[in-house]
Amino acid sequence: MSEPIPPDLSSMSWSQAYLHAQRSLSAWLDAKPRDAHRLSFIVRNRLMELAAREHAQLARWLAWLLCSRAHAGGAGIRRLARLDSRLASAVLQAGTQLPVAVAPQGKILLTTVKSAG
């Protein structure tokens, strides 16, 4: 008799509320303006369901996501500020903790990570 395959460990530590918020935000960021307006209500509801720890982790995930989209010229952080200014502030703060920082003006700045030693 074979042992059951364990579930994907990468998603085990997150609640359903966090995963729904993450998926909703990702779809909202990728949506065209008309669809984004419709999705904004869903995203706001999903964000209200998050615990404080999950809200902070989502901000860090968004900071990485927006930094990876540097070619967009900061449009994502500006859109996010219109959706939820508190989350946008948390994303900017989380961005300062990453090797790549998100500037307050919504521009993406690449910073050098200095090696220890």
Side-chain angles (χ1 to χ4, degrees):
M1 192 176 232
S2 65
E3 293 184 35
I5 299 172
D8 181 14
L9 297 177
S10 65
S11 64
M12 284 184 59
S13 62
W14 303 116
S15 70
Q16 287 297 322
Y18 176 83
L19 296 174
H20 288 300
Q22 190 179 43
R23 288 183 192 122
S24 298
L25 268 167
S26 181
W28 177 80
L29 283 168
D30 291 337
K32 295 182 192 266
R34 184 176 180 166
D35 295 329
H37 178 70
R38 182 182 51 82
L39 288 171
S40 65
F41 299 103
I42 295 168
V43 173
R44 286 185 183 112
N45 285 332
R46 298 289 190 205
L47 292 174
M48 290 189 310
E49 297 171 359
L50 296 178
R53 179 184 70 81
E54 292 171 327
H55 195 271
Q57 185 60 34
L58 188 68
R60 185 171 169 83
W61 173 79
L62 278 167
W64 274 112
L65 182 67
L66 294 176
C67 286
S68 72
R69 296 177 176 190
H71 64 276
I77 194 69
R78 289 190 297 272
R79 284 183 64 199
L80 186 59
R82 287 192 302 270
L83 176 78
D84 186 330
S85 60
R86 209 174 58 150
L87 180 59
S89 294
V91 169
L92 291 171
Q93 177 62 35
T96 65
Q97 305 299 315
L98 302 177
V100 179
V102 181
Q105 295 82 13
K107 296 179 182 173
I108 307 300
L109 299 177
L110 299 177
T111 59
T112 312
V113 179
K114 296 181 180 179
S115 60

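In this text, all values refer to a predicted model and were calculated from it rather than measured experimentally. Computation of the quantities below employed the complete heavy-atom set of this structure, encompassing side-chain atoms and omitting hydrogens, waters and symmetry-equivalent molecules.
Contacts of A31 classified as side-chain contact (heavy atoms from CB on, under 4.5 Å), with partners at least two apart in sequence or in another chain: D35, A36, L39. Among residues two or more places apart in sequence or in another chain, the salt bridge (Lys or Arg N to Asp or Glu O under 4.0 Å) test is passed with D30 by R69.
A21 and L58 get closest at one heavy-atom pair: CB-CD2, 4.3 Å. When all heavy atoms of L25 and W61 are compared, the closest pair comes out as CB-CZ3, 4.5 Å.
The side-chain heavy atoms of V43 and D84, taken from C-beta on, include no pair separated by under 4.5 Å. No side-chain heavy atom of N45 sits less than 4.5 Å from a side-chain heavy atom of I42. The side-chain heavy atoms of W14 and Q57, taken from C-beta on, include a pair separated by under 4.5 Å. When side chains are defined from C-beta on, T96 does not count as touching L92, because their heavy atoms never get closer than 4.5 Å.
The distance from atom CG of L80 to atom CZ of R82, rounded to the nearest 0.5 Å, is 10.0 Å. Put simply, CG on L47 and OG on S24 are 8.0 Å apart, with the number rounded to the nearest 0.5 Å.
Tracing side-chain contacts under 4.5 Å through hydrophobic residues (I, L, V, M, F, W, Y), one never reaches M48 starting from Y18; they form parts of separate clusters.
Looking at S89, its side chain does come within 3.5 Å of a backbone N or O of S85 through a donor-acceptor pair.
Applying the salt bridge (Lys or Arg N to Asp or Glu O under 4.0 Å) test to residues at least two apart or on different chains, none of the pairs has a partner in residues 37-66.
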